[in-house]
Amino acid sequence: MGIAGQLKYWRAERAFTFHQLSELSDVDGGYLNKLENNVSTRPGRNILIRVSIGLGLDIDDTDELLMVAGHIPLRRMN
């Protein structure tokens with residue numbers, strides 16, 4: 001599953017609208033929509049970390065999200 005699929009899954013799992021996730025993660029809702037629909041380019045690492053915090057993801061799920069987007073996972077940075 002790619003980044004778009006993962007974001008759709010987690011947002012649906014939490015029953016968040018784009019607006020709710022936008023407020024929780026401080027990431028523009030329009031940009032989140034573009035990510036979920038593969039309209040935008042690869043999201044930056046900091047954006048994904050903010051989104052994962054907004055979604056309440058644990059470190060394993062955050063690392064998976066980062067790796068799918070081609071970023072270094074948090075655990076490897078320690």
Side-chain angles (χ1 to χ4, degrees):
M1 179 182 328
I3 191 73
Q6 282 201 356
L7 290 175
K8 281 181 190 179
Y9 170 80
W10 285 114
R11 193 173 60 79
E13 179 78 16
R14 303 296 196 260
F16 289 158
T17 64
F18 285 112
H19 179 74
Q20 289 169 319
L21 182 54
S22 173
E23 288 197 356
L24 291 168
S25 63
D26 195 30
V27 175
D28 181 72
Y31 182 68
L32 292 170
N33 188 324
K34 288 179 181 180
L35 288 177
E36 279 195 17
N37 290 294
N38 285 318
V39 175
S40 185
T41 59
R42 182 179 95 165
R45 189 170 193 278
N46 290 335
I47 294 284
L48 291 177
I49 291 170
R50 290 192 340 231
V51 170
S52 71
I53 291 169
L55 288 167
L57 299 183
D58 64 22
I59 192 164
D60 292 329
D61 292 327
T62 299
D63 279 350
E64 185 178 339
L65 191 65
L66 289 169
M67 288 187 296
V68 166
H71 297 293
I72 297 170
L74 296 172
R75 290 213 176 154
R76 286 198 189 154
M77 297 192 71
N78 294 333

What is the minimum heavy-atom distance between A69 and R42, and which atoms define it? O-CD, 2.7 Å
Where I3 and V68 come nearest, the two heavy atoms and their spacing: N-CG1, 3.3 Å
Just wondering, do L35 and Q6 contact through their side chains at under 4.5 Å, heavy atoms? no
Shortest non-hydrogen contact from L24 toward G54: CD1-O, 3.7 Å
On a heavy-atom basis, the closest approach of S22 and G29 is OG-N, 3.3 Å
Apply side chain to side chain donor-acceptor pair (under 3.5 Å) to T62 and list each qualifying residue two or more places apart in sequence or on a separate chain. S52
Look only at the side chain of H71 and the backbone of L65, and say whether a donor-acceptor pair between them is shorter than 3.5 Å. no
Non-neighbouring partners of N37 that pass side chain to side chain donor-acceptor pair (under 3.5 Å), sequence neighbours left out: N33
Only counting residues at least two apart or in another chain, list the ones meeting side-chain contact (heavy atoms from CB on, under 4.5 Å) with R14. W10, F16, L55, L57
Taking C-beta and beyond as the side chain, do I49 and I53 meet within less than 4.5 Å on heavy atoms? yes
L74 versus L66: any side-chain heavy-atom pair under 4.5 Å? yes
Applying side chain to side chain donor-acceptor pair (under 3.5 Å) to D60 and not counting sequence neighbours gives R75
Quick test of your reading: applying salt bridge (Lys or Arg N to Asp or Glu O under 4.0 Å), list the pairs with at least one residue in residues 28-37, sequence neighbours left out, ordered by first then second residue. R11-E36
Got a sec: does the CG of N46 have more than 12 other heavy atoms crowding it under 6.0 Å? no
